[in-house]
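Written out below as structure tokens is the structure these notes cover.
In listed order, ligands and their atoms are each counted from 1. Note that these values count all heavy atoms, side chains included, but never hydrogens, waters or copies made by symmetry.
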Amino acid sequence: MSSPKTPPSPRRRHIATDLVHAGREPAEQFGFVNTPIYRGSTVLYPTADDLANRRGRFSYGRRGTPTSLALESALKQITGGAGVVLTPSGLSAASVALLSVVKAGDHILMTDSVYEPTRHVCDTVLARLGVTTQYFDPLIGAGIAEMIRPATRLVYCEAPGSQTFEMGDIPAMVEAAHARDALVAIDNTWATSLGFDGHSHGVDLVIEAGTKYLGGHADVNLGFVSAAPSAWKSLQGTHGTLGQCAAAEDIFLALRGLRTLALRLQRHQASALEVCDWLAGRPEVSRILNPMLPTDPGHALFKRDFTGGCGLFSIVLKPAPREAVAAFLDALELFGMGYSWGGYESLAIPFDAKAYRTATSWQPEGPTLRFHIGLDEPADLIDDLERGFAAMANAASRPEGEP
Ligand SMILES: *Cc1c(COP(=O)(O)O)cnc(C)c1O
């Protein structure tokens, strides 16, 4: 409660400013602006007594270096968590987060539109350890309450969903889970903490593939998990016990990426919206799957809970032969074809989410493509897509059997 004697809480600095300053201690690096790459396993102790009492800021390379500490503390400031651990990939971040909360006999609930390799972790490794995973409709919202059993330890969300971009109601799921003593995790790779502040919405474990926008240049494999106080001790313990540590050079590159993250995300988002606007007017396009768009069924939740999005979205085409879609992709000159995303480059891939849905059925009316809009000028990307659609029309009109 505020009384006249309570000073007003200081205005929180803007995240763009935090991104510039977080995790930097130039005075400890001879005045150099950036923390360099510390490579090392052995850390020497000056005396036998220091060694015996493990006195020193660092004890062993796997357990942390000034480089990893710089990124952890920067990310902790950005996410507002009680602590952050770094992992060698986004998938390992998801695995460590899962392993930090479960024991044999536990039950977890997982969104049906989760990043597919995370589903594989649950269906193989966790199943082998006696942990049951049950998938839920990403749009379930407060209805998740009915699926929570006494053995349910965790509700794992991803919003919007991988490939198909359904928006879940995270606060409603958090409320239902916490009321029944279950924790909530989110894979927050799409929005990043700049676009969705997981902890302030009650999420216990916020997972992100730093491989994507944090690295930002398609040359890093990294993940991190930020934990609320409710999940920090066990996350920290499991991470250390399993010997997880990220590579020094990747951490350095992620620190570099962090400084420009806000700028890049703004541009990725604005360009994606421009391209979506153009795609919406194309006769070949049936639907755009992107909660940033006012026409998207998830837009109301996006507006309520998110402060930003990114350059990644999908489209459903009107029915078209496979060769026509291949001709579209092959004609693109600026969009590359390949997995991952979040770098400066634009990407296009076909996908089929039918194969790995179990709680819901995914029945698009035509072929589906996922785009990442990079830092190219959107007008040039639009020209490229126009070239693709021309090639697609050409391929579709060619009589069967003709080359
Ligand atoms: C790419 C991705 C991951 C995994 O990241 P890696 O670093 O490739 O292991 C996890 N979640 C989402 C949503 C992703 O897009």
Ligand-protein N/O pairs under 3.5 Å (ligand 1):
{"from": "ligand 1", "atom 1": "7 (O)", "to": "G90", "atom 2": "N", "distance (Å)": "2.7"}
{"from": "ligand 1", "atom 1": "7 (O)", "to": "T211", "atom 2": "OG1", "distance (Å)": "2.5"}
{"from": "ligand 1", "atom 1": "9 (O)", "to": "G90", "atom 2": "N", "distance (Å)": "3.2"}
{"from": "ligand 1", "atom 1": "9 (O)", "to": "L91", "atom 2": "N", "distance (Å)": "2.8"}
{"from": "ligand 1", "atom 1": "11 (N)", "to": "D187", "atom 2": "OD2", "distance (Å)": "2.6"}
{"from": "ligand 1", "atom 1": "15 (O)", "to": "K212", "atom 2": "NZ", "distance (Å)": "2.6"}
{"from": "ligand 1", "atom 1": "15 (O)", "to": "W341", "atom 2": "NE1", "distance (Å)": "3.2"}

| query | Can a salt bridge be assigned to the pair D181 and R153 using a cut-off of 4.0 Å between side-chain N and carboxylate O? | reply | no
| query | Is it true that R55 and D49 have a side-chain N and a carboxylate O under 4.0 angstrom from each other? | reply | yes
| request: Under the side chain to side chain contact (heavy atoms under 4.5 Å, CB included) rule, collect the residues that match up with R267, sequence neighbours excluded. | output: S271, L375, E377, P378
| said: Can you tell whether the side chains of R357 and E166 come within less than 4.0 Å, N to carboxylate O? | reply: yes
| said: Restricting to side chain to side chain contact (heavy atoms under 4.5 Å, CB included), what partner residues turn up for A93, sequence neighbours left out? | reply: T87, I207, V225
Please output the side-chain donor-acceptor pairs of residues 311-323 that fall under 3.5 Å, not counting sequence neighbours, one pair per line with the distance.
{"from": "S314", "atom 1": "OG", "to": "Q163", "atom 2": "O", "distance (Å)": "2.6"}
{"from": "K318", "atom 1": "NZ", "to": "P283", "atom 2": "O", "distance (Å)": "2.7"}

